[in-house]
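One structure is given here, and the rest of the page talks about it.
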Amino acid sequence: MIEVKMPNLGEGVTEGTIVRWCKAEGDAVAAGETLAEIMTDKVNVEFASPAAGIVRKLHVPEEAIVRVGTVIAWLESSADERPGGAAPEVAPAVTRPRG
């Protein structure tokens with residue numbers, strides 16, 4: 001499994017908002033393909049998938065504010081050999097609704 005973490009999108013940026021997921025759980029994604037749209041107070045970006053695979057788990061709902069470095073999704077690559085495709089257990093992300 002491949003951990004996908006909230007990227008650092010600039011100096012002094014400590015969190016960002018997942019505006020929209022461009023893929024759903026179970027969808028295939030190519031390396032470099034847009035996985036999510038992320039907004040910070042300094043920049044809006046299309047966040048590219050770090051690897052090719054299947055989206056197994058989206059840990060953060062749309063419109064949630066997430067700290068840099070938080071696991072936001074899990075991808076399963078073709079090299080993964082987990083029986084049943086089960087994702088490893090992860091503590092829930094600490095999120096704060098926009099408001």
Side-chain angles (χ1 to χ4, degrees):
M1 290 296 221
I2 300 165
E3 278 186 344
V4 179
K5 294 183 179 183
M6 177 64 108
N8 182 341
L9 298 171
E11 188 174 331
V13 176
T14 60
E15 62 188 19
T17 301
I18 304 291
V19 176
R20 181 175 74 92
W21 286 107
C22 299
K23 296 291 180 177
E25 291 179 2
D27 286 353
V29 63
E33 186 176 4
T34 301
L35 184 59
E37 293 176 6
I38 299 174
M39 179 177 67
T40 72
D41 58 345
K42 295 184 178 186
V43 68
N44 295 343
V45 298
E46 290 183 348
F47 175 60
S49 178
I54 304 295
V55 178
R56 286 296 171 211
K57 179 71 178 166
L58 299 175
H59 287 282
V60 179
E62 290 181 350
E63 298 301 320
I65 297 171
V66 184
R67 294 195 59 77
V68 169
T70 300
V71 175
I72 58 174
W74 281 99
L75 300 180
E76 181 178 12
S77 72
S78 58
D80 289 335
E81 296 182 16
R82 286 192 190 281
E89 291 296 317
V90 175
V94 176
T95 60
R96 182 176 79 214
R98 290 184 56 150

Closest non-hydrogen atom pair between Ile18 and Ile72, with its separation:
CD1-CD1, 4.2 Å
Here the gap from Thr14 atom OG1 to Ile65 atom CD1, rounded to the nearest 0.5 Å, amounts to 10.0 Å
Contact between Pro7 and Val45 at the side-chain level, heavy atoms closer than 4.5 Å - yes or no?
no
Heavy-atom closest contact (Ala48 atom, Gly32 atom, distance):
CB-O, 3.5 Å
Test item: Thr17 and Thr40 side chains (from C-beta on) under 4.5 Å apart, heavy atoms
no
Report yes if the side chains of Ile38 and Met6 come closer than 4.5 Å at any heavy-atom pair, otherwise no.
yes
Heavy-atom closest pair, residues Val43 and Leu9
CG1-O, 3.8 Å
How far does CD of Glu76 sit from CE of Met1, to the nearest 0.5 angstrom?
5.0 Å
Check salt bridge (charged side-chain N to carboxylate O under 4.0 Å, His left out) between Glu33 and all other residues, then give those that pass, not counting sequence neighbours.
Lys23
Could you work out, with salt bridge (charged side-chain N to carboxylate O under 4.0 Å, His left out) as the rule, every residue matching Lys42, not counting sequence neighbours?
none
What about Ile2 and Val60, same hydrophobic cluster or not, with Ile/Leu/Val/Met/Phe/Trp/Tyr joined at side-chain heavy-atom distances under 4.5 Å?
yes
I'd like to check Glu37 versus Phe47 (side-chain heavy atoms, cut-off strictly below 4.5 Å). Are they in contact?
no
Just jot down the salt bridge (charged side-chain N to carboxylate O under 4.0 Å, His left out) partners of Glu62, sequence neighbours excluded, or say none.
none
What pair of heavy atoms forms the shortest contact from Trp21 to Pro61, and how long is it?
NE1-C, 4.3 Å
Separation between CG of Asp27 and CZ of Arg56, rounded to the nearest 0.5 Å:
10.5 Å
Provide the closest heavy-atom pair for Val55 versus Ala24 in the form atom of the first, atom of the second, distance.
CB-O, 3.5 Å
Considering all heavy atoms of both residues, which atom of Ala30 and which atom of Ser49 are nearest to each other, and what is their separation?
O-CB, 3.6 Å
